[in-house]
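Computed from heavy atoms alone, side chains included, the values below leave out hydrogens, waters and symmetry copies.
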Amino acid sequence: YLDDMKPFSDFFTMKNWILQLSKALLIPANAFALEFNNFLLEERDEEFDWYRCLLKNLDSFTTSAKRCLTVSFLKKVFESLIQHFLSPKYCDKLSKDLSKSMLRKCIKFSRWTACKKIFFTALWGNLLFSASCFVYDVAVYMTSPRIKSDSTLQSLLNGMVWMTRKTSFYGLSLVSSSLGFAVGAYFNVSVMAPLCSGLFDMATSIGCSILSGDGAPWKGALTGIVNDDDNDSNNRGTTDGDDSLE
């Protein structure tokens, strides 16, 4: 057991920081590219203001980086806690490397059996990441100025609605991304599994955002980066490679 669980100090490694900052760069980079593309389509005479565009998206990068690094830290905290309160068997399920586990299952079992096991493997393995994202969103919501400005009763009602929305979203996102891994693994473990997981999660993010009336439902769907507490877009496709046993 626990062969794939990385130590808490892994959070402070250069590799992890580069990975988290790369994730954080996706949303502002996408916004930058869209603005530049719109500039080209409009065929203006003046030159593109690179400096202004960079400053405009700097806040977005800062918020995204803060979220990615905090979620990564919370996940390590949860991994440390489960080692004290859960048996090695369940700790192993919550901390296995997904790519390695999928390869083992595809070698050991038939394709259909392996895919069924991969679904539950991804479900367990992504649980701590989902919990970390949820805790971060709760902290952001509880410290938002909107909470302080509302009355006690109004804050309680709004909090219950928000909590229901977020819990439903993360639950659906966890299931859909796990299903995506299983479907993709049927065709190709290395490429199709993470690709299908991202696509399934993006579809869930867009669907939840449309049903809840949020704008720009695709924003952050594949990156796990939420820039405000009203946007139900979270990356369940990018899960730091964690997984569990069947």
Side-chain angles (χ1 to χ4, degrees), residues 1-27 61-105 117-143 163 166-167 169-171 173-175 177-178 181 189-190 193-194 197-198 201 220 222-227 229 233-246:
Y1 291 127
L2 305 178
D3 290 338
D4 295 332
M5 179 178 284
K6 298 177 181 178
F8 187 85
S9 58
D10 181 71
F11 171 80
F12 301 100
T13 61
M14 185 63 66
K15 178 182 178 181
N16 180 65
W17 278 67
I18 292 175
L19 175 63
Q20 301 307 323
L21 292 177
S22 298
K23 289 190 208 174
L25 190 61
L26 290 178
I27 281 183
F61 172 73
T62 303
T63 303
S64 299
K66 181 175 64 175
R67 175 184 172 84
C68 286
L69 289 171
T70 304
V71 167
S72 178
F73 178 79
L74 288 172
K75 186 169 178 293
K76 288 299 178 184
V77 171
F78 283 137
E79 287 180 354
S80 299
L81 290 175
I82 63 174
Q83 293 184 68
H84 291 86
F85 296 103
L86 297 180
S87 66
K89 176 182 178 180
Y90 286 100
C91 290
D92 192 62
K93 288 187 174 189
L94 292 166
S95 62
K96 295 298 288 184
D97 186 280
L98 179 56
S99 58
K100 295 179 181 178
S101 183
M102 287 194 300
L103 287 173
R104 289 195 297 264
K105 287 176 174 58
K117 291 181 176 293
I118 286 172
F119 170 77
F120 292 104
T121 292
L123 201 64
W124 276 97
N126 292 334
L127 189 59
L128 291 184
F129 181 81
S130 297
S132 302
C133 292
F134 180 76
V135 169
Y136 178 86
D137 287 347
V138 169
V140 171
Y141 179 80
M142 295 301 294
T143 56
M163 191 71 69
K166 279 293 179 181
T167 304
F169 168 74
Y170 279 115
S173 183
L174 181 62
V175 172
S177 62
S178 301
F181 273 116
V189 175
S190 302
S197 176
D201 178 63
L222 288 177
T223 63
I225 303 167
V226 180
N227 290 326
D229 53 353
S233 297
N234 179 285
N235 175 33
R236 314 302 316 118
T238 308
T239 56
D240 293 341
D242 287 342
D243 166 55
S244 72
L245 293 174
E246 61 274 12

Chemist: To the nearest 0.5 angstrom, please state how far the CZ atom of Arg104 sits from the CD1 atom of Ile118.
Modeler: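 That separation rounds to 11.0 Å.
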
Chemist: Return yes when atom OH of Tyr90 has more than 12 non-hydrogen atoms of other residues, nucleotides or ligands closer than 6.0 Å, and no otherwise.
Modeler: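 No, OH of Tyr90 has 12 or fewer neighbouring heavy atoms, counting only those of other groups under 6.0 Å.
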
Chemist: Atom CG in Leu123, atom OG in Ser177: separation rounded to 0.5 Å?
Modeler: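 Leu123 atom CG to Ser177 atom OG measures 8.0 Å (nearest 0.5 Å).
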
Chemist: With sequence neighbours excluded, what pairs up with Leu69 under the side chain to side chain contact (heavy atoms under 4.5 Å, CB included) test?
Modeler: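 Only Trp17, Gln20, Leu21 meet the side chain to side chain contact (heavy atoms under 4.5 Å, CB included) criterion with Leu69.
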
Chemist: Test of understanding: with side chain to side chain contact (heavy atoms under 4.5 Å, CB included), list the residues that count as partners of Ser80, not counting sequence neighbours.
Modeler: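 Testing Ser80 for side chain to side chain contact (heavy atoms under 4.5 Å, CB included), a comparison that skips the adjacent residues, returns Phe8.
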
Chemist: Got a second to check how far Asp92's CG is from Ser87's OG, nearest 0.5 Å?
Modeler: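 Going from the CG atom of Asp92 to the OG atom of Ser87 covers 9.5 Å.
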
Chemist: Give the minimum heavy-atom separation between Ala122 and Ser178, together with the two atoms involved.
Modeler: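 Scanning both residues completely, I find the closest heavy atoms to be C-OG, 3.4 Å.
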
Chemist: When rounded to the nearest 0.5 angstrom, what is the spacing between OH in Tyr136 and CG in Leu74?
Modeler: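 Atom-to-atom, Tyr136:OH and Leu74:CG are 9.5 Å apart.
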
Chemist: Do Ser95 and Leu128 make a side-chain contact, defined as non-hydrogen atoms from C-beta onward lying under 4.5 Å apart?
Modeler: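 Sidechains of Leu128 and Ser95: no contact.
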
Chemist: Between Leu174 and Tyr170, is there a side-chain heavy-atom distance shorter than 4.5 Å?
Modeler: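 No, side chains not in contact.
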
Chemist: Charged N to carboxylate O below 4.0 Å: is that the case for Arg67 and Asp137?
Modeler: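 Yes, this pair counts.
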
Chemist: Looking at side-chain heavy atoms only, is the closest gap between Leu94 and Phe78 below 4.5 Å?
Modeler: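 Of all side-chain heavy-atom pairs linking Phe78 with Leu94, none is under 4.5 Å.
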
Chemist: If I take atom CD1 from residue Ile82 and atom SG from residue Cys91, how far apart are they, to the nearest 0.5 angstrom?
Modeler: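 The SG atom of Cys91 is 4.5 Å from CD1 of Ile82, to the nearest 0.5 Å.
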
Chemist: Report the C-alpha distance between Ser72 and Lys76 in whole Å, list the side-chain angles of each, state the deciding distance to 0.1 Å, and finish with yes or no for side-chain hydrogen bond (donor to acceptor under 3.5 Å, both in side chains).
Modeler: CA-CA 7 Å; Ser72 178; Lys76 288 299 178 184; over 6 Å; no

Chemist: For Phe73, does the CZ atom sit with more than 12 other heavy atoms under 6.0 Å from it, leaving out its own atoms?
Modeler: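 No.
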
Chemist: Taking all atoms of both residues into account, what is the closest heavy-atom pair of Cys133 and Val71, and its distance?
Modeler: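 Closest heavy-atom pair between Cys133 and Val71: SG-CG1, 3.8 Å.
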
Chemist: Output all residues satisfying side chain to side chain contact (heavy atoms under 4.5 Å, CB included) with Ser22, sequence neighbours left out; order by chain, then residue number.
Modeler: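 For Ser22, the residues satisfying side chain to side chain contact (heavy atoms under 4.5 Å, CB included) (neighbours in sequence not counted) are Ile18.
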
Chemist: Show every salt bridge (Lys or Arg N to Asp or Glu O under 4.0 Å) that has at least one partner inside residues 118-129, sequence neighbours left out.
Modeler: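 Not a single pair qualifies under salt bridge (Lys or Arg N to Asp or Glu O under 4.0 Å).
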
Chemist: Keeping Ser197 on the side-chain end and Ala193 on the backbone end, is there a donor-acceptor pair under 3.5 Å?
Modeler: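 Absent.
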
Chemist: Just to verify, what does Leu103 make a side chain to side chain contact (heavy atoms under 4.5 Å, CB included) with, not counting sequence neighbours?
Modeler: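 With sequence neighbours excluded, Leu103 shows a side chain to side chain contact (heavy atoms under 4.5 Å, CB included) to Val189, given in chain and number order.
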
Chemist: As an exercise, state the distance from CD of Gln83 to CG of Leu81, rounded to the nearest 0.5 Å.
Modeler: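 Answer for the CD-CG pair, Gln83 versus Leu81, is 9.5 Å.
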
